[in-house]
Amino acid sequence: MIIEAHDLTYAYGDLLAVDHISFSVEKGEILGFLGPNGAGKSTTVKMLTGQLAPLEGTAIVLGKDVSTHAKQVHERIGVCFEEKNLYPRMTVRENLSFFAALFDRAVDIDSLLEKVNLEKWADDHAETLSKGMQQRLMFARSLINDPDVLFLDEPTSGLDPISADQIRRMILEEKKKGKTIFLTTHNMMEADALSDRVGFINEGRIVALDTPQNLKLQYGVRSLKVKQRSGEGFTEETLPLDETSTPGRMQELLERGDVATIHTQEASLEEVFIKLTGRKLVQ
Amino acid sequence: MKASCVRAIVRKDAIMAMRNKLVLMALIGGVLFSLIYYALPASVEETYALGLYDQGDSELISTLPLVSMGGFTLDEVSSEDELTRMVQQGDYVAGIVVPDGFDEVIESGETPTLSLVVGPDVPSGTIDSLAYIIQTALDYAAHGTPPVQLSTEVVGEDMAGAHVPLREQSIPLYIVLALMMEMWTIATLIVEEGASGTLRAVLVTPATPSDVISAKGIVGGSYSLGVVAVILLLTQSLRGDPLALLVGIVVGALFAVTLGLLLGSLTTNITGSYIYVSVPMLVLLLPALVVLIPDVSLSVIKLIPTYYLVNAFGSILNSGAGLGDVWSDFLLIAVCALAFFVLGVLSLRRRY
């Protein structure tokens, strides 16, 4: 296992932010940590990356206890933060060169910039970049040491759809290279599209952890959505696939001849999350 | 501590500092402030210039400058009104109005009255010493012997006649002020890194809080050394024991930098940091200011560490002291710097 969390717990004063969570991530896997704001996602990342010492439990990354061997772990991980934390008065290139120097590595900054489509802005100050470009720069920074493990905390939060899609493609490219990725998000589409497995976290606890497909099959309802002509408009009817009455009702609709479209529907992760926690991902 | 990390942070901080208006202002401001030096008097007037209106051409009074042994000079004016006007204008520190028949009254054994006209801005201490000098000189002139025999023993080097001009006394003030501005700058840079989250990004690399503090110490220390050196050059004050001066500058820079790092590590709130930093800065400036105010001697000032820095610089630059004379002052400042460094690292570790 590349990442192992055993009974990880953290509290901010009286507020229990992460409550005895345990999970593991295999090599080359993307684990999506899905939950609403304040669920404990970022606190979990901070404990896994040695930014916070767990109140209880242990975080093992690449075989090392993060609490006692943080710097050895830091040599081999990359962290992309939720908040923008670039040096605003340094250029794009200087930002990356500085972090390369911290890792004492000779890095081909130009090819890294090319990878995140920022080569044209290499000599611009970071503060002049758009939000999406800054996020791409932060992503590039997290790759500066060619890490074995990437911790991505809400990497597409607040981005426009095009920038968010660019980041997602880059995440998948890193997965292809065999990197292990711990991704936190409150975007269920993103978690569904990127993750091999998804963990639902709510009020500091993991309420479910499985592949997106299994979660949807286990907790969701498969159905058919049938659109029929009705006068000058349309009406919609949803037929659960697992009910015995559905074949008869379907035949009836088809025989009437006013079916416009039929779509199969599987449950979304959002619906599964609501079913498990009683709350929405975006409040 | 990892040398490559410290090196990388030093390089980055040097770039950042040159692009930070605050740092440039602190550098330029610290240097410009020292130019006040040239507006201050370059020498000490040790002889009081007095005006004299003598209605009866007293012989006794005419001998006063001689018997006062250089304590004052006398310029005779033609009327009491003129004397008053010239004292008010500041041409004289004070004026003496001698009544007609002054010598005769003394000879008869009576006690005549001598009027002393004093300007509005003459300190009370000066009036008292002036009155004492005049009375003593008159007594001496009238009776031929001083009222008492005073035996004086100077302990250490006799600095009589070598009074330090105000501008030379003010040099420790510029040095401490420059160091405090560097302290404020470094604290602000740390707070900015904390507030912007960049420090968090640095600390998930191989860099440790000790690396960060050491690197900022090197950059801040270099700036402090540079600024103090420029101030000493501008004020033509590179004198005294060079080793003592160098040690003083290095220890002072370490003190300023480590205190800045400690204060900067206490908060990530930029606005809040102004209070965290400016209050200690003002307190630490007090000893340097008090030195410039005559007749003020507050023992509480000795509780402020910068007192020992001011004292040491004053002794080196103005009294010819060597490292052997001021080592205890520097040791105390160095111990404070070490304590600030340890507390700063602990504070950063706790926060990040």
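The structure presented is a predicted model; accordingly, all values stated were derived computationally and were not measured. All chains are named by letter (A, B, ...) in the order of the sequence lines, taking the proteins before the strands, and each is independently numbered beginning at 1.
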Undergrad: Under a 4.5 Å heavy-atom cut-off, does chain A meet the side chain of Val202(B), its backbone, both or neither?
TA: both
Undergrad: If you round to the nearest 0.5 Å, how far is CD1 of Ile15(B) from CE of Met90(A)?
TA: 5.5 Å
Undergrad: Against chain B, label Lys46(A) side chain, backbone, both or neither, depending on which of its atoms sit under 4.5 Å from a heavy atom there.
TA: side chain
Undergrad: Taking the side chain as every heavy atom from C-beta outward, state whether Arg11(B) and Phe98(A) have any pair of such atoms under 4.5 Å apart.
TA: no
Undergrad: Kindly say whether Gly197(B) contributes a backbone atom to a donor-acceptor pair with the side chain of Asn85(A) at under 3.5 angstrom?
TA: yes
Undergrad: Counting heavy-atom pairs under 4.5 Å with chain B, which one of Glu94(A), Arg141(A), Met138(A) comes out on top?
TA: Glu94(A)
Undergrad: Do Val204(B) and Phe151(A) pass the side chain to side chain contact (heavy atoms under 4.5 Å, CB included) test, and can you show the C-alpha distance, the side-chain angles, and the key distance before you say yes or no?
TA: CA-CA 11 Å; Val204(B) 291; Phe151(A) 290 91; over 6 Å; no
Undergrad: Return the CD to OG distance between Glu83(A) and Ser196(B), rounded to the nearest 0.5 Å.
TA: 9.0 Å
Undergrad: Given that the side chain runs from C-beta out, which part of Leu86(A) has a heavy atom under 4.5 Å from chain B: side chain, backbone, both or neither?
TA: backbone
Undergrad: With a sphere of 6.0 Å drawn around CD1 of Ile275(B), does it hold more than 12 non-hydrogen atoms of other residues, nucleotides or ligands?
TA: no
Undergrad: Would you compute the distance between atom CZ of Arg19(B) and atom OH of Tyr87(A) and round it to the nearest 0.5 angstrom?
TA: 13.0 Å
Undergrad: State, to 0.1 Å, how close Pro206(B) and His74(A) come at their nearest heavy-atom pair, and which atoms those are.
TA: N-CB, 4.2 Å
Undergrad: Is it the side chain or the backbone of Phe99(A) that comes within 4.5 Å of chain B heavy atoms, both, or neither?
TA: side chain
Undergrad: Taking all heavy atoms of Ala207(B) and all of Leu102(A), pick out the closest pair and write down the distance.
TA: CB-CD2, 4.1 Å
Undergrad: Whether Glu192(B) and Arg89(A) form a salt bridge (side-chain N of Lys/Arg under 4.0 Å from carboxylate O of Asp/Glu) is what I want to check.
TA: yes
Undergrad: Output yes when a side-chain donor or acceptor of Lys71(A) lies under 3.5 Å from a complementary backbone atom of Thr205(B), and no otherwise.
TA: yes
Undergrad: Do other residues, nucleotides or ligands put more than 12 heavy atoms under 6.0 Å from the NZ atom of Lys176(A)?
TA: no
